[in-house]
Amino acid sequence: FICNGCGQLASDANAKSCSACDSHFLVSFHYYPLVEQIQQVLLIPGVYQKMKKQRAAHRKDFQGTYYGKILANETDDTFTMIVNIDGVVTKNKHLSLWPITFMLNEIPFPFRRYCESILIGGAIAPTKHPSNKLFRTILNILADDLRRLEDGVTYVIPNESKRDMKFFLIGSCTDKP
């Protein structure tokens, strides 16, 4: 649980209020590690080969951009992704869902938007609008995963050897800063 008031992680899963600020608005954060999800995407037949082909095209097409520089300066087993965080609010203002999703930029369209290609970093279902402090804590949790992906992870690729791969977060899509 994370306090919506101050962003403090609750040390007790049964806590009714925040030990730091005494707020009673604790939000359950459901975290899903990205490293394992990427492995599942890479196990889909042909995905890795499509990513490599798309990466080569993007390297050429976007050579004058920051994105193109990342592709040019890193190994051929380096890929990028974007994050999307946005809430879905129902007519009942006390019920909402805020998924945190990631898309791998080098998976070509339309495959990139297929359910099996989208990574879910986490989700919250708060009873009122989440605070910036809450999201700061959530992003700090996800940052540990992202640093690991930037440093490189060994993945199994079907019909090929294991590959050391890097993934960089290069953008976000949110409705507010």
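Although no hydrogens or angles enter the test, the distance criterion places no donor-acceptor pair under 3.5 Å between the side chain of Ser172 and the main chain of Asn84. At distances below 3.5 Å, at least one donor-acceptor pair connects side-chain atoms of Gln37 with backbone N or O atoms of Pro33. The closest donor-acceptor contact from the side chain of Ser131 to the backbone of Asn4 lies under 3.5 Å. A side-chain donor-acceptor contact under 3.5 Å links Tyr155 to the backbone of Val35. Thr80 places no side-chain N or O within donor-acceptor distance of the main-chain N or O of Ile170, the cut-off being under 3.5 Å. No side-chain donor-acceptor contact under 3.5 Å links Glu106 to the backbone of Lys52. Side-chain atoms of Arg163 do not come within 3.5 Å of backbone N or O of Val156 as any donor-acceptor pair. Counting only distance, with no hydrogens or angles, the side chain of Thr90 and the backbone of Leu95 share a donor-acceptor pair below 3.5 Å.
Taking all atoms of both residues into account, the shortest heavy-atom contact from Ala123 to Tyr32 is N-CE1, 4.4 Å. In plain terms, the two heavy atoms of Leu97 and Pro99 that are nearest each other are O-CD, 3.4 Å.
Within the 4.5 Å cutoff, no side-chain heavy atoms of Val47 are placed close to those of Pro45. At a threshold of 4.5 Å between non-hydrogen side-chain atoms, the residues Met81 and Met103 do not count as touching. Residues Phe102 and Leu146 meet the side-chain proximity criterion, which asks for heavy atoms closer than 4.5 Å. Considering only heavy atoms from C-beta on, Ser117 stays 4.5 Å or farther from Leu104 through its side chain. The shortest side-chain heavy-atom distance between Glu74 and Arg55 falls under the 4.5 Å cut-off. At a threshold of 4.5 Å between non-hydrogen side-chain atoms, the residues Cys3 and Cys21 count as touching. Met51 has its side chain within reach of Phe79: a pair of non-hydrogen atoms, C-beta onward, lies under 4.5 Å apart. Looking only at side-chain heavy atoms (C-beta outward), Ile82 and Asn105 come within less than 4.5 Å of each other.
Atom CG of Asn159 has 12 or fewer heavy atoms from other residues, nucleotides or ligands within 6.0 Å.
Between His129 and Trp98, the distance from one ring center to the other falls under 6.0 angstrom.
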Would Ile100 and Phe29 count as a side chain to side chain contact (heavy atoms under 4.5 Å, CB included) if you check the C-alpha gap in whole Å, the side-chain angles of each, and the deciding distance to 0.1 Å?
CA-CA 11 Å; Ile100 302 162; Phe29 174 54; 4.0 Å; yes

Between Phe62 and Leu71, is a side chain to side chain contact (heavy atoms under 4.5 Å, CB included) present by the stated rule, with each step listed?
CA-CA 9 Å; Phe62 297 104; Leu71 298 180; 5.9 Å; no

Going through the distances and angles, do Leu169 and Val83 end up as a side chain to side chain contact (heavy atoms under 4.5 Å, CB included)?
CA-CA 7 Å; Leu169 179 66; Val83 63; 3.9 Å; yes

From CA spacing to verdict: side chain to side chain contact (heavy atoms under 4.5 Å, CB included), Leu139, Ile85:
CA-CA 10 Å; Leu139 292 173; Ile85 305 171; 3.8 Å; yes

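Among pairs with a residue in residues 131-159, those fulfilling salt bridge (charged side-chain N to carboxylate O under 4.0 Å, His left out) read Asp144-Arg147, at least two apart in sequence or across chains.
Taking CZ of Phe1 as the start and CG of Asn14 as the end, the distance is 8.0 Å to the nearest 0.5 Å. Ile2 CD1 to Tyr31 OH: the interatomic distance, rounded to the nearest 0.5 Å, is 12.0 Å. One distance of note links CG of Leu43 with CD of Glu116; it measures 13.0 Å at 0.5 Å rounding. The OG1 atom of Thr65 lies 10.0 Å from the NE2 atom of His58; values are rounded to the nearest 0.5 Å. With rounding to the nearest 0.5 Å, the separation of SG in Cys18 from CG in Leu26 is 6.5 Å. One distance of note links CD1 of Ile124 with OG1 of Thr127; it measures 10.0 Å at 0.5 Å rounding.
No continuous path of ILVMFWY side-chain contacts below 4.5 Å connects Ile118 to Ile107, so the two sit in separate hydrophobic clusters. Residue Leu119 is grouped with residue Ile44 when hydrophobic side chains (ILVMFWY) are merged at heavy-atom distances under 4.5 angstrom, including chains of intermediate members. Hydrophobic clustering, with ILVMFWY side chains joined whenever heavy atoms are under 4.5 angstrom apart, keeps Phe167 apart from Ile70.
Among Asp76, Leu149, Val153, Leu42, the single residue meeting the side chain to side chain contact (heavy atoms under 4.5 Å, CB included) criterion with Met165 is Leu42.
Defined by atom type and a distance below 3.5 Å, a donor-acceptor pair is missing between the side-chain atoms of Asp61 and Tyr67. A donor-acceptor pair shorter than 3.5 Å can be found between the side chains of Glu160 and Gln49.
Judged by the 6.0 Å and 45° rule, Lys50 forms a cation-pi pair with Phe111.
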